[in-house]
Student: 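First the structure, then my questions, so here it is.
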Amino acid sequence: QVQIVESGGGLVQPGGSLRLSCAVSGFTTMHLTIYDMRWFRQAPGKERELVAHVPDGGGLITYADSVKGRFTIFRDKNLVYLQMNGLKPEDTAVYFCNADGGRDGRASETYWGQGTEVTVSS
């Protein structure tokens, strides 16, 4: 019943912007608490890498060095977004939303979306 759906990907020119959205559902029905949320990306022929990480609350937001100053992750309950500015061709990848879920203050499982494609090209 837990579902993660990403949206907002597409084709954009270098220097352009995109906002990716991630909607997480089913946690309440399953009596689960959403803890950390993240955005990953995977370029063709490359390993999946962590792009941004936002804790449940009170923790520090972190970014990959390659996107610092250009990308911003933010969340609102069961929603998490990735604002991408100053896009570069090397940002081309499939972007995945990830969320940890669990009970009693401890994450026990991690959930993944199917990904949304971002292509940066002139």
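Scope of the values below: all heavy atoms of this structure, side chains included, with no hydrogens, waters or symmetry mates.
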Student: Any salt bridge (charged side-chain N to carboxylate O under 4.0 Å, His left out) involving residues 8-18? Give me the pairs, sequence neighbours left out, ordered by first then second residue.
Tutor: none

Student: Taking T92 for its side chain and P89 for its backbone only, find out whether a donor-acceptor pair lies under 3.5 Å.
Tutor: yes

Student: If you count every heavy atom of other residues, nucleotides or ligands that lies below 6.0 Å from Q42 atom CD, does the total exceed 12?
Tutor: yes

Student: First locate atom CG of N78, then atom OG1 of T28, and finally report the distance between them rounded to the nearest 0.5 Å.
Tutor: 7.5 Å

Student: Which donor-acceptor pairs under 3.5 Å do side chains of residues 9-24 form with protein atoms, sequence neighbours excluded?
Tutor:
unit_1	atom_1	unit_2	atom_2	d
S17	OG	N85	OD1	2.9
R19	NE	Q83	OE1	2.8
R19	NH2	Q83	OE1	3.3

Student: Could you state the interatomic distance from NZ (K46) to CD (E90), rounded to the nearest 0.5 Å?
Tutor: 9.5 Å

Student: Tell me the disulfide bond (SG atoms under 2.5 Å apart) pairs involving residues 26-81, sequence neighbours left out?
Tutor: none

Student: Output every pair passing ring-ring contact (aromatic ring centres under 6.0 Å, His included) with a member in residues 85-122, not counting sequence neighbours, ordered by first then second residue.
Tutor: F27-Y111, F40-W112

Student: Out of curiosity, W39 CH2 to M84 CE, how far, rounded to the nearest 0.5 Å?
Tutor: 8.0 Å

Student: Do any pairs count as a disulfide bond (SG atoms under 2.5 Å apart) and have a residue in residues 25-94, sequence neighbours left out, and if so which ones?
Tutor: none

Student: Can you name the residues that form a side chain to side chain donor-acceptor pair (under 3.5 Å) with D100, not counting sequence neighbours?
Tutor: R38, T110

Student: Taking distance alone, no hydrogens or angles, what donor-acceptor pairs closer than 3.5 Å link side-chain atoms of residues 1-8 to residues at least two apart or in another chain?
Tutor:
unit_1	atom_1	unit_2	atom_2	d
E6	OE1	Q114	N	3.1
E6	OE1	G115	N	2.9
E6	OE2	C97	N	2.8
E6	OE2	G115	N	3.3

Student: Any disulfide bond (SG atoms under 2.5 Å apart) involving residues 56-90? Give me the pairs, sequence neighbours left out, ordered by first then second residue.
Tutor: none

Student: Pair up each side-chain donor or acceptor in residues 49-67 with any protein partner under 3.5 Å, not counting sequence neighbours, and list the distances.
Tutor:
unit_1	atom_1	unit_2	atom_2	d
E49	OE2	R41	NE	2.7
E49	OE2	R41	NH2	3.2
H53	NE2	D36	OD2	2.7
Y63	OH	I73	N	3.0
D65	OD1	K68	NZ	3.0
S66	OG	R41	NH2	3.3

Student: Which residues pass the ring pair (Phe, Tyr, Trp, His ring centres under 6.0 Å) test with Y81, sequence neighbours left out?
Tutor: F74

